[in-house]
Structure formats: C-alpha cells, structure tokens
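The chains referred to below are lettered A, B, ... by the order of the sequence lines, with proteins before strands, and numbering in each begins at 1. Because the structure is predicted, anything quoted here is derived from the model rather than measured.
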Amino acid sequence: MKEEITGIIKCALNSLKKQWEIKDLPDIEVEIPKNEAMGDFALTIAMRLTKLLKKNPRAIAEEIVEKINAEELELFDNIEIAGPGFINFRVKKEFFCKGLGQLLEEEHSSLRTDLGKGHKVQIEFVSANPTGPLHIGHGRGAAVGNALCNILKAAGYDVQREFYINDEGLQVKLLGESVFARYLEICGRDDEFPEAGYKGDYIRDIALALHAEAGDKYAGTFEDNGGPVTDYAYKMMLVNLEKDLRDFGVLFDNWQSEKEMHVQGKVTDAIDALNSKGLIYEKDGATWFSSSQFEDDKDRVVKKQDGQYTYFASDISYHKEKLDRGFDTIIDIWGADHHGYIPRIRSVLEAFDLPKEKFTVILIQMVSLLRNGEPVKMSKRSGDFITLREVIEEVGADITKFVFLSKKADSHLDFDLGIAKEQSSENPVFYIQYAFARISSIFKQATEKGSSLPAGRQGGDLSLLKEAEEMSIIKKLSQYPLVFEGAAISCEPHRITYYLQELAGVFHSYYNKHRVISDDAKLTAARLSLCMAVRIVLEEGLKVLGVSAPERM
RNA sequence: GCGCCUGUAGCUCAGCUGGAUAGAGCAACUGACUUCUAAUCAGUAGGUCUGAGGUUCGAAUCCUCACAGGCGCGCCA
C-alpha cells in the first residue's frame with residue numbers, strides 16, 4: 001500500500017520536477033497521522049520541498065495534489081492538504097480490503113520484504129567471556145540480537161548470527177586456575193585459591209565433573225596440569241553458554257574462536273596487512289596501529305613490549321576476518337560499557353576499506369535487576385549474582401525477552417523480577433498473546449459450530465466488514481509493513497513490540513463489542529477472515545521478536 | 001579533566017530521525033462477565049517534554065551552555 005502511494009507521488013513529482021527546474025527530490029516519507037481523523041496516510045514532502053523551492057508548503061502541496069488528481073484516483077476517498085502542508089490520504093475501503101485479501105492469500109510472505117536484496121550481513125552478539133554464567137545484561141543483548149537477526153532475515157538479508165569466543169588470554173587462564181584450585185580441594189589437597197579467581201559455585205561444579213571423569217589424575221602442579229584442566233573448564237563453560245542461550249531461544253550460526261585465529265596465524269596476518277598499508281609502526285619497544293589517522297583520538301598498541309599481542313590485535317584480526325568472509329554489512333552488538341572501543345574498531349574497518357555506513361554498533365545499556373522495587377545485590381567477585389538462567393526459570397523466557405524488547409536498546413532498563421512474575425497486567429506480552437489465544441479460541445469454536453476454517457481464511461466477503469472497529473483493525477493491519485521496514489532500517493526491534501500492542505488493542509476492543517460467530521453465515525465468514533488476518537500478523541510479529549504465540553492461555 | 005548514553009504524566013516507557021492538539025501501559029477513580037477466554041473492554045483524571053539560550057515556517061527531536069543519573073577513558077581482557 002505504501003508502494004502504491006509513493007508510486008503515485010513519485011509520478012506526480014517527476015512531472016513537476018521539470019517545471020520546478022530541480023534535479024534531486026527529498027525522500028518521500030509516508031507517515032501514519034497521529035489522529036485518525038486526519039487521514040490514513042500522510043506525506044510531508046511538500047514541507048520538505050519548501051527550502052528547495054522557496055515556496056509556501058501549502059502552495060507546493062496544492063501543486064502536487066493537482067497533479068495527482070490528473071492521475072488515477074480510484075484508490076482514495078479524498079486527498080487533502082492540512083496543517084502546515086501535510087498531504088493526507090484517505091484510502092478507499094476497497095483498497096484496504098484488497099490489501100487484506102492479499103494478506104489472507106499470501107499470509108506471512110506478504111509481511112516480509114526484499115529490502116536487503118540478499119545482502120550478506122553478519123550480526124555478532126552476546127560474545128560473553130566463557131569464564132562465568134550469563135547474566136541479565138547478556139540476556140538483553142541476546143534478546144535484541146536475536147530479534148534483529150529475525151527482522152533482517154525477514155527483510156531479505158542473508159543473515160549470519162555469530163558468537164565471538166574470548167578463549168585466549170588471562171581471563172581463561174584465570175578460569176583454569178580457579179577450577180584447578182577447586183579440583184585440588186576435591187582431591188583433598190588444600191591449596192591457595194587464586195586471589196582474583198572466580199568464586200562462583202559453577203567453578204566447583206566444573207571441578208567436580210572433572211574429578212568424576214579423571215579422578216586425581218591432574219592433582220599435581222598447575223604448570224604440569226593447567227593446560228588440560230583449563231581446556232576442560234572453558235569447553236564446559238562453552239557448552240553451558242550454548243545451552244543457556246538455546247533454552248532462551250537464541251541460536252547461533254557460527255561460534256568464532258579467538259584462540260583459533262591465533263593458532264591459524266590470522267592475527268599476525270592482519271597486523272601484516274595493516275603494516276603493508278603503512279599503518280603500523282614501532283615505538284617504545286611496542287608495535288602500534290595508527291588508528292588516529294581514522295576515527296580514533298590516539299594510536300593503539302597491538303603488540304606489547306613483552307611480545308604478546310593485545311586484545312585489540314585479536315579484534316583487528318576478527319574484524320578483518322568478517323570482511324574476508326564476504327559480509328556487506330557488519331553489526332556488532334556490545335554492552336554499553338564498551339562504547340569507548342567504537343572509534344578504534346571503526347578505524348580498523350576503515351583501514352580495510354569498509355565504507356563507514358556498512359558498520360554499525362548497537363549498544364545495549366545496563367540492566368538493573370530489582371525485586372519489588374529493591375535493587376538485587378550482585379557481586380561478581382564473590383560469585384553472588386543472579387544468572388540469566390535463574391531469571392528465565394523464575395519469570396519465563398517469553399516475559400524476559402519481551403521486557404528487553406519493549407525498550408530501545410540504548411536506554412537504561414529496570415528489570416523488576418517481582419513485577420515481571422506476579423503482576424501480569426504490567427506485562428504487555430500477555431496482552432498480545434491473549435489476543436492470539438482468543439483468536440485461536442474463536443476458530444476452535446467456529447469449527448465446532450460448523451463454520452469451516454477455509455471459509456474463514458479466504459472465503460469471507462470482506463465488503464461486509466462495516467463496523468468502525470473492523471476498519472480500525474484493517475487499517476492497523478495495513479501499517480505492519482511500514483512499521484516492520486522502519487524496525488529493519490533503524491535496527492530497532494522495539495518498534496514491532498509497540499505495534500503488536502496496538503494491534504492487540506484494536507482487536508480486544510472489537511472482540512468486546514462485536515461477536516465474530518453469529519447466525520449470519522456470510523458475516524461470520526467475513527469476520528473469521530479478519531480474525532485470521534490479525535492472527536497472521538500477530539504470529540509473524542511475535543515470531544520475529546522470538547516470543548511464542550500460544551493457542552491457549 | 002575528556003568522551004558516550006539517558007532525562008517526557010505519580011511509576012515504567014513510546015514518540016516513526018524536524019511536523020499537526022506530546023501518546024501508551026501501570027497505579028487512582030467510575031462502569032461492563034447468562035453471550036466466541038474479564039490476562040479483556042468502555043470512560044474520567046493526570047504534562048513548564050530537567051533548565052536557559054539559539055537555529056526556522058515549525059523543536060520533545062538539531063546546536064551551545066548548565067543541572068542530574070549511568071558508563072567509559074590501560075603496553076587489562
């Protein structure tokens with residue numbers, strides 16, 4: 001529907017272009033007016049042209065509308081100019097019904113687009129260190145990343161979901177030392193626990209598992225046995241990470257190991273590649289990358305005086321790797337506490353000739369965990385913190401995901417366990433799911449009463465839908481593509497969350513005022529069709545958000 | 001000290017990248033279950049968009065400066 005409107009406008013503008021003697025036109029933006037009385041769709045193009053043409057926006061709007069009148073007009077009840085220069089379209093009911101018919105016929109495929117044209121995009125998210133369980137912040141990243149992947153896939157991109165494993169370096173070594181210390185305890189040897197070691201119970205669990213498998217085999221020095229113990233520990237952590245994420249409904253296509261890149265010599269290769277571009281130099285016994293030639297405010301060390309690569313060197317290699325694997329667009333989802341690293345990574349990608357706009361970082365702001373308004377105390381040092389798994393077990397995966405998807409990523413978020421679990425009215429996820437369940441129930445009822453489902457799906461005469469609430473639903477349904485496209489372009493899944501609440505809202509109103517199933521067979525069929533359309537859109541929306549759509553509640 | 005994010009109804013948040021009379025949910029108040037699920041609906045009330053300037057036809061949105069909260073500024077990972 002949006003295409004039809006922009007198409008008509010484009011046509012009108014093209015013929016006006018010569019007369020106005022301008023070359024470029026601003027983007028044609030279709031908006032949904034705030035107030036339904038204003039119309040169904042609104043265009044701001046006239047106001048956008050004021051500066052270019054140096055004319056009154058209303059006058060421009062009039063010129064445009066005049067041109068449109070010359071074109072075909074059978075799609076609209078009226079087109080009027082309002083306010084400072086809006087062009088408001090009131091769409092003919094038949095046109096809306098045509099859209100509804102198409103939705104019923106093509107179902108989910110009509111809700112997806114080819115915006116991405118098969119371009120390869122890689123989205124890296126979560127990427128938690130395999131040294132501890134996932135916490136609530138990781139959950140937020142997982143929920144947003146997962147939804148974004150789903151959205152971009154539905155928008156025609158070739159999406160790869162990736163988890164980057166920091167399995168090289170001190171943190172992993174510390175994990176190994178921590179497990180080793182617990183392991184010795186189990187073997188009856190009380191050694192000193194590493195000062196900065198991980199103290200959580202999961203460390204002991206790993207040690208126990210190791211002991212069950214290997215007995216006292218490694219009960220020597222860390223120098224002799226640290227390797228296999230560390231290996232065992234981090235592999236087990238990975239398995240747990242993968243399981244936690246899977247139970248949260250989040251799957252990855254690829255798990256990229258940092259260690260592997262080192263082993264394969266890719267880190268060295270990447271630095272060499274920069275070197276051949278003249279972007280590497282030696283100073284003070286260290287090796288530096290001239291990131292300040294790009295976005296960064298200073299140069300960064302890639303290889304320390306002691307000859308070890310820095311973590312940043314791995315990052316360089318990893319982002320080069322992303323390019324080498326042929327991705328057109330790279331999206332990194334990070335915790336907001338890493339925002340300071342954006343300029344240097346941006347510099348790396350620019351050094352490797354990736355255009356600026358092809359790299360996006362989405363920052364996930366901090367989550368504060370509360371219980372009935374009181375902050376939940378968390379201390380990573382003592383290992384005393386609530387894990388993502390515990391949150392999911394307590395409040396459920398759907399609610400958890402939904403809470404994360406109902407706010408934009410870069411604003412702080414309070415996650416109240418008490419509210420999430422108990423006061424269901426504060427959880428709009430139920431509101432949406434309930435609408436879906438009600439529709440399912442209607443169909444069940446209809447089947448029992450003999451109104452056949454196929455009639456509900458396609459057979460209804462949509463022109464019988466005359467109630468104001470029915471029109472509200474039809475209009476709301478027609479807005480999905482607009483909302484969906486906006487969510488995809490801006491990488492903002494929460495827009496779909498809000499839309500679904502609105503759609504559920506107009507449906508609930510309708511449900512309370514009118515009966516779908518009645519003695520009037522034709523009307524029943526038409527209304528069942530409408531319900532089916534709502535069902536399809538709700539299902540599609542929930543699916544991309546990664547939230548379930550239960551038939552019954 | 002420098003940088004980034006945030007500041008909108010009592011609370012939690014939207015506000016479609018500069019548009020029309022700033023919107024939802026919760027909480028409060030008034031009503032609606034003999035009827036396809038009341039996890040719902042109808043209605044009332046609730047605002048100096050943190051503050052001060054600026055940019056223009058037009059600002060919650062953009063620019064500057066304050067104020068408040070959060071997070072970063074390593075040859076750590």
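Atom P of nucleotide B:A39 and atom CZ of A:R552 are separated by 16 Å, given to the nearest angstrom. A:K476 has its NZ atom 11 Å from the C1' atom of B:A24, to the nearest Å. Distance CD1 (A:I364) to P (B:C5): 15 Å, rounded to an integer number of Å. B:G18 atom C1' lies 16 Å from atom CG of A:L43, rounded to whole Å. In this structure, CD of A:Q501 is placed 17 Å from P of B:U12, rounded to the nearest angstrom. Whole-Å rounding puts the A:Y510 OH to B:C36 P distance at 15 Å. Atom pair A:L405:CG and B:G25:P shows a separation of 20 Å (rounding to whole Å applied). Atoms CG (A:D414) and P (B:G69) sit 16 Å apart, rounded to a whole Å.
Spacing of P atoms, B:A42 relative to B:G25, comes out at 9 Å, to the nearest Å. Nucleotides B:G43 and B:U48, compared at atom P, are 25 Å apart to the nearest Å. Only the C1' atoms considered, B:G69 is 24 Å distant from B:A22, to the nearest whole Å. Nucleotides B:C62 and B:G18 place their C1' atoms 8 Å apart, quoted to the nearest Å.
Pairs engaging residues 394-415 of chain A under the salt bridge (charged side-chain N to carboxylate O under 4.0 Å, His left out) rule: A:R371-A:E394, A:E394-A:K421 [sequence neighbours left out]. Among pairs with a residue in residues 507-526 of chain A, those fulfilling salt bridge (charged side-chain N to carboxylate O under 4.0 Å, His left out) read A:E469-A:K513, at least two apart in sequence or across chains.
Heavy-atom distances to RNA chain B give each of A:G505 and A:I489 a nearest nucleotide, and the one nearer the 5′ end belongs to A:I489. If A:H494 and A:S441 are placed on RNA chain B by their nearest nucleotide, the residue sitting closer to the 5' end is A:H494.
The strand RNA chain B forms stems, runs of 3 or more Watson-Crick or G-U wobble pairs with distances below 3.5 Å, at B:1-7 with B:67-73, B:10-13 with B:23-26, B:28-32 with B:40-44, B:50-54 with B:62-66.
At a threshold of 4.0 angstrom between heavy atoms, the contacts of A:L413 are confined to the sugar-phosphate backbone, with no base atom among them. A:K408 comes within contact range of the sugar-phosphate backbone alone, with a heavy-atom separation under 4.0 Å but no base atom that close. Across all strands shown, A:S411 has heavy atoms under 4.0 Å from sugar-phosphate atoms exclusively, and none from any base. Nucleic acid contact class of A:R515 (heavy atoms, under 4.0 Å, all strands): base. At a threshold of 4.0 angstrom between heavy atoms, the contacts of A:S406 are confined to the sugar-phosphate backbone, with no base atom among them. Within 4.0 Å of A:A435, counting heavy atoms only, lies no atom of the nucleic acid at all. When heavy atoms are screened at a 4.0 angstrom cut-off, A:D167 is found touching no nucleic acid atom at all. If you check every strand for non-hydrogen atoms under 4.0 Å, A:Y434 touches a base.
Neither OP1 nor OP2 of B:A32 sits under 4.0 Å from any side-chain N or O of A:Y511. Between A:R438 and B:A39 there is no side-chain polar atom (N or O) within less than 4.0 angstrom of OP1 or OP2. Residue A:S509 places at least one side-chain N or O under 4.0 Å from the OP1 or OP2 atom of B:A42. A sub-4.0 Å separation between OP1 or OP2 of B:C36 and a side-chain N or O of A:T447 is absent.
Side-chain contact between A:L482 and A:I32: present, with at least one pair of heavy atoms (C-beta onward) separated by less than 4.5 Å.
Judged by a 6.0 Å distance limit and a 45° cone about the ring axis, A:R346 is not positioned over the six-membered ring of A:F294.
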Margin query: salt bridge (charged side-chain N to carboxylate O under 4.0 Å, His left out) for A:K259 and A:D231? Distances and angles first, verdict last.
Written below: CA-CA 12 Å; A:K259 194 176 188 174; A:D231 227 39; 3.7 Å; yes

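Annotation: A:F404 is not in aromatic contact with A:H494 [ring centroid separation under 6.0 Å not met]. Ring centroids of A:Y164 and A:Y318 are separated by less than 6.0 Å, placing the two rings close together.
Taking 90° from 0 as the syn/anti boundary, the base of B:C33 is oriented syn. B:U55: glycosidic angle beyond 90° from 0, hence anti.
A side-chain hydrogen bond (donor to acceptor under 3.5 Å, both in side chains) with A:T287 holds for exactly one of A:K304, A:K303, A:E282; it is A:E282. Residue A:E551 is tested with A:R535, A:R438, A:K444 for a salt bridge (charged side-chain N to carboxylate O under 4.0 Å, His left out); the sole match is A:R535.
Taking CG from A:L530 and CG from A:L477, the interatomic distance works out to 6.5 Å, rounded to the nearest 0.5 Å.
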Protein heavy-atom contacts under 4.0 Å, written 5' to 3' over nucleotides 71-77 of chain B as B (base), S (sugar-phosphate only) or - (none), form the string BSS-BBB

The contact string for nucleotides 54-62 of chain B, one letter per nucleotide 5' to 3', using protein heavy atoms under 4.0 Å with B, S and - for base, sugar-phosphate only and none, comes out as ---BB----

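For A:E124, the salt bridge (charged side-chain N to carboxylate O under 4.0 Å, His left out) partners at least two apart in sequence or on another chain are A:K322.
A donor-acceptor contact under 3.5 angstrom links the side chains of A:E258 and A:S314, judged on distance only. Under the 3.5 Å distance criterion, with hydrogens and angles disregarded, a donor-acceptor pair is assigned to the side chains of A:D167 and A:S257.
Ion pair A:K173/A:E177 flagged as a salt bridge, since at least one NZ, NE, NH1 or NH2 atom sits closer than 4.0 Å to an Asp/Glu carboxylate oxygen.
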